[in-house]
Amino acid sequence: MERLTDDEPVPLATSKGVQLAPITRGFHGRRPTVDPSRIPPGQYLERGFPVLSAGPTPRVDLSAWSFAIDGALQAALSWTWEEFIALPAENPTVDIHCVTKWSKLDTTWRGVSLDTLLEEAHTGAAYVTVWSDGGYTTNLPLEDLTGGRAWVVYEYNGEPLAPEHGGPARLLVPHLYFWKSAKWVRGLTLTLDDQPGFWEQYGYHNHGDPWLEQRYQGD
Ligand SMILES: Nc1nc2c(c(=O)[nH]1)N[C@H]1C(S)=C(S)[C@@H](COP(=O)(O)O)O[C@H]1N2
Ligand SMILES: [Mo]
């Protein structure tokens, strides 16, 4: 994990080999600055891409993969992998914010908007439980998944999404803390009542707005 600081010595190549330079990033080699207003309160800028998983990375055969929308709707919906990647796709570039305090700016993804997936869902439900291979769940109000704010993505940075980051497909809800962006996602269950998901049952905030620092219950 790499943190941005202005006071770390940077390595400098000389005729004697690599030595610690007597200069600091504050004067030389400073990276392009970012607009601090893009970093929510209590967060720091991360340039790498940490992996945070509560369990092992599940492996799924694409021929057995499907994405389902079930629960409180007139007729359940389901797509095979082939059908899913044939759906109209978008290429969102978004900032992401983990509750462990890293934020990463301008991440680029490809996937299907939840607006597209929910087009055929005739429902009076107000809540969603998102579920994944491996048993992870997270809950959201349905309205946080609509309005061009959420996707099921299968590419990161122009490449197929890596298994440790949720491949073959994960949810992406960048306006909420990243634990809501379920990796290895396989479906949504529409519900009339709000049902706390995996981390929400362990005391994480039910909603998780990073701009309001909704980290834990009671925040
Ligand atoms: N299925 C599943 N999804 C998950 C998690 C998990 O443990 N299992 N961790 C969540 C948390 S806490 C974070 S911060 C992000 C981390 O995503 P990354 O590993 O791609 O950075 O995934 C979220 N989605
Ligand atoms: Mo997280």
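Indexing begins at 1, ligand by ligand and atom by atom, following the structure's order. Index from 1, following the sequence.
The aromatic rings of F84 and W79 sit perpendicular to each other, their planes meeting at more than 60°, with 30° as the lower class boundary. The aromatic rings of H165 and Y156 are tilted relative to each other, their planes meeting at an angle between 30° and 60°.
No N or O atom of D133 sits closer than 3.5 Å to an N or O atom of ligand 1. Where the criterion is an N or O separation shorter than 3.5 Å, residue side chain and backbone included, A54 meets it with respect to ligand 1.
Contact between G166 and ligand 1 is absent, with no heavy atom of the residue lying under 4.0 Å from the ligand. Residue contacts with ligand 1: S53 is included, with a non-hydrogen atom under 4.0 Å away. Contact analysis leaves Y204 out of contact with ligand 1, as no non-hydrogen atom separation drops below 4.0 angstrom.
The aromatic ring centres of W102 and Y44 sit 6.0 Å or more apart.
Distances from atom 17 (O) of ligand 1 to the heavy atoms of E164, R170, H165 show the closest one on R170. Of the listed residues (L171, T107, L52), the one carrying the non-hydrogen atom nearest atom 9 (N) of ligand 1 is L52.
Distance from atom 21 (O) of ligand 1 to its nearest protein heavy atom, with residue and atom name: P50 O, 2.7 Å. Nearest to atom 14 (S) of ligand 1 among the protein's heavy atoms is C98 SG, 3.2 Å. When only non-hydrogen protein atoms are considered, atom 13 (C) of ligand 1 lies nearest to F178 O, 3.8 Å. In terms of protein heavy-atom proximity, atom 19 (O) of ligand 1 is closest to K183 NZ, 2.6 Å. Residue, atom and distance of the protein heavy atom nearest to atom 24 (N) of ligand 1 are S181 O, 3.1 Å. Nearest non-hydrogen protein atom to atom 12 (S) of ligand 1 is W179 CB, 3.5 Å.
Each of N206, T137, T138 was scored for a side chain to side chain donor-acceptor pair (under 3.5 Å) with E200, with one residue passing: T138.
Counting heavy atoms of neighbouring residues, nucleotides and ligands inside a 6.0 Å radius, atom OH of Y216 exceeds 12 of them. More than 12 heavy atoms of other residues, nucleotides or ligands sit less than 6.0 Å from atom CD of E83. Around CD of E164, the count of heavy atoms belonging to other residues, nucleotides or ligands within 6.0 Å exceeds 12.
With hydrophobic clusters built from ILVMFWY side chains whose heavy atoms lie under 4.5 angstrom apart, V173 shares a cluster with V128.
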